[in-house]
Amino acid sequence: MQKRDLISITDFSKAEYLQIMEMAKGFEKNPNQNLLKGKVVATLFFEPSTRTRLSFETAINRLGGKIIGFTDSSSSSVTKGETLHDTIRMVSNYADLIVMRHPLEGSARYASQISKVPIINAGDGANQHPTQTLLDMYSIIKTQGRLDNINIFMVGDLKYGRTVHSLLMALSVFENPIFNFIAPPELAMPDEYKRFLTSKGIRYFEHREFTGIISEADIIYMTRVQKERFTDPIEYEKVRNVYILRNKMLQQTKPTLKILHPLPRVNEINEDVDSNPKAYYFTQAENGVYTRQAIISHIMGLI
Ligand code: CP
């Protein structure tokens with residue numbers, strides 16, 4: 001059987017997205033299933049992570065699999081000069097599946113070309129974060145009851161934000177999405193994504209402010225301005241606090257609105273939002289476990 005990787009969200013079809021949503025629902029009802037018994041999964045995190053790594057490891061444990069790997073490449077032979085090529089070649093002899101996060105864009109695709117076993121991209125630089133997108137979609141379908149006709153406001157770092165890039169591509173296969181991009185010019189959604197939406201006849205709007213324009217939002221997707229992507233600290237200081245969502249700003253919004261954030265947040269969502277029923281980001285992170293159980297099961301052909 002040909003191995004299946006998940007590198008870009010476009011590696012899966014719309015039918016597969018929907019299948020994963022259904023499977024995630026099943027895992028949420030019944031999380032402990034021994035489908036991975038006897039299998040070893042390597043989690044290779046060349047870049048820091050809390051949610052992605054721990055929810056993957058929880059998913060693997062709940063599926064009855066075993067975990068090897070590293071949380072910091074400084075404890076691996078990368079520090080001795082071992083290349084990504086050789087690291088992947090070695091680890092694919094030890095594990096049945098590799099989950100990898102790496103700061104370089106394209107690194108996950110490269111790893112998939114070397115590895116004998118499937119690779120799941122857990123984030124490659126500013127490029128893609130497809131498993132985050134699948135849990136975002138699961139969060140949207142759970143709270144809105146649909147993936148069609150979603151009016152989404154993406155806020156913050158839309159230039160380097162891999163989560164918004166992947167989510168935009170995924171929602172574009174559903175009926176009639178509307179995208180609203182709220183970012184300073186330095187962090188605007190890259191032209192390639194806007195051209196992609198135009199080519200598909202999908203509406204998008206760009207804004208500098210979000211006061212007074214969020215009343216029609218089904219989803220507000222907040223993002224962190226990512227310090228680690230800036231080469232010039234002065235440029236980071238200029239934009240770091242550009243948008244802060246506060247509870248009082250949610251008064252004129254739809255009752256069904258949900259606020260998502262891939263997390264971690266720094267200060268772009270004030271803590272006074274946390275107790276508002278429209279705040280969904282912590283449950284969204286919990287949804288990551290069920291969705292990642294579904295992704296692993298799908299990739300490994302377990303169900
Ligand atoms: N959402 C997300 O990728 O979080 P971590 O960086 O903590 O994994």
Side-chain angles (χ1 to χ4, degrees), residues 2-9 11 36-133 157 159-163 165-166 224-233 235-236 262-264 266 285 288-289 292-293 295-296 299-300:
Q2 207 192 348
K3 81 179 167 88
R4 203 66 210 282
D5 303 294
L6 175 57
I7 307 301
S8 161
I9 194 65
D11 291 344
L36 261 185
K37 194 168 164 25
K39 302 278 186 208
V40 175
V41 181
T43 56
L44 308 184
F45 279 73
F46 295 85
E47 209 186 40
S49 167
T50 296
R51 275 146 295 276
T52 309
R53 184 176 68 79
L54 294 179
S55 63
F56 258 116
E57 294 189 357
T58 305
I60 296 159
N61 277 308
R62 291 210 183 280
L63 290 170
K66 296 262 193 296
I67 300 160
I68 60 168
F70 50 78
T71 59
D72 178 353
S73 59
S74 67
S75 66
S76 77
S77 287
V78 170
T79 51
K80 300 175 199 159
E82 187 159 45
T83 60
L84 179 62
H85 175 281
D86 289 2
T87 305
I88 296 297
R89 187 138 184 215
M90 287 309 310
V91 176
S92 75
N93 288 333
Y94 303 147
D96 301 290
L97 169 69
I98 297 174
V99 177
M100 181 180 112
R101 170 172 287 187
H102 197 283
L104 274 185
E105 289 160 40
S107 51
R109 183 70 69 196
Y110 176 65
S112 74
Q113 287 156 2
I114 296 156
S115 176
K116 290 190 296 198
V117 301
I119 299 275
I120 297 180
N121 180 9
D124 61 330
N127 186 32
Q128 285 264 326
H129 195 348
T131 66
Q132 176 72 44
T133 297
D157 178 359
K159 180 178 178 185
Y160 301 112
R162 56 194 175 198
T163 61
H165 300 161
S166 295
R224 174 176 66 95
V225 176
Q226 301 172 87
K227 191 176 180 183
E228 64 274 26
R229 308 273 178 239
F230 285 78
T231 46
D232 182 350
E235 289 302 309
Y236 170 69
L263 303 178
V266 183
V289 175
R292 289 178 170 123
Q293 285 184 278
I295 294 165
I296 291 169
I299 290 265
M300 302 290 283

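Just so it is clear, the structure is predicted and the values come from calculations on it, not from any experiment. Sequential numbering from 1 along the given sequence is applied to the chain's residues.
For the residue pair T133 and S166, the shortest heavy atom distance occurs at OG1-CB, 2.7 Å. When every heavy atom of A95 is checked against every heavy atom of V117, the shortest pair comes out as O-CG1, 3.2 Å. Residues S112 and I119 approach most closely at CA-CG1, 3.7 Å, considering heavy atoms. Residues N121 and A108 approach most closely at CG-CB, 3.5 Å, considering heavy atoms. Scanning both residues, I7 and P130, for their nearest heavy atoms gives O-CG, 3.5 Å. The minimum heavy-atom distance between V99 and A122, with the atom names listed, is CG1-CB, 3.9 Å.
A heavy-atom distance below 4.5 Å is not found between the side chains of K66 and K39. Between I9 and Q128 there is a side-chain heavy-atom pair separated by less than 4.5 Å. You'll find the side chain of K116 reaches within 4.5 Å of the side chain of N93, heavy atoms only. Between P118 and I98 there is no side-chain heavy-atom pair separated by less than 4.5 Å.
To the nearest 0.5 Å, the span separating CG on D124 from OG on S8 amounts to 9.0 Å. Atom CZ of R101 is separated from atom CZ of R53 by 10.5 Å, given to the nearest 0.5 angstrom. For the atom pair CZ (F56) and CG (N61), the distance works out to 13.5 Å, reported to the nearest 0.5 Å. Between the CG atom of L84 and the OG1 atom of T87 there is a distance of 6.0 Å, given to the nearest 0.5 Å. Between the CG atom in D72 and the CG atom in L44 there is a gap of 12.5 Å [rounded to 0.5 Å]. To the nearest 0.5 Å, atom CE of residue M100 and atom CD1 of residue I88 are 5.0 Å apart.
Salt-bridge check for D96 with K3: failed, with every basic side-chain N at 4.0 Å or more from each acidic carboxylate O. A salt bridge does not link D157 with K159: none of the charged nitrogens is closer than 4.0 Å to a carboxylate oxygen.
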Criterion side-chain contact (heavy atoms from CB on, under 4.5 Å) on Q132 and R292, from CA distance to verdict:
CA-CA 9 Å; Q132 176 72 44; R292 289 178 170 123; 4.3 Å; yes
Could you go through the salt bridge (charged side-chain N to carboxylate O under 4.0 Å, His left out) check for R162 and E47 one step at a time?
CA-CA 14 Å; R162 56 194 175 198; E47 209 186 40; 3.3 Å; yes
Check the pair R51, L263 against side-chain contact (heavy atoms from CB on, under 4.5 Å), reporting the backbone distance first and the verdict last.
CA-CA 8 Å; R51 275 146 295 276; L263 303 178; 3.6 Å; yes
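The backbone N or O of S49 sits nowhere less than 3.5 Å from a side-chain atom of T52 that would complete a donor-acceptor pair. Checking side-chain atoms of T83 against main-chain N and O of D86 turns up a donor-acceptor pair under 3.5 Å.
Defined by atom type and a distance below 3.5 Å, a donor-acceptor pair is present between the side-chain atoms of T43 and E57.
Each of D5, D11, N127 was compared with R109 under the side chain to side chain donor-acceptor pair (under 3.5 Å) criterion, and only D11 meets it.
Residue pairs satisfying the ring-ring contact (aromatic ring centres under 6.0 Å, His included) criterion with at least one member in residues 68-107, sequence neighbours excluded, are listed as follows: F46-F70, F46-H102.
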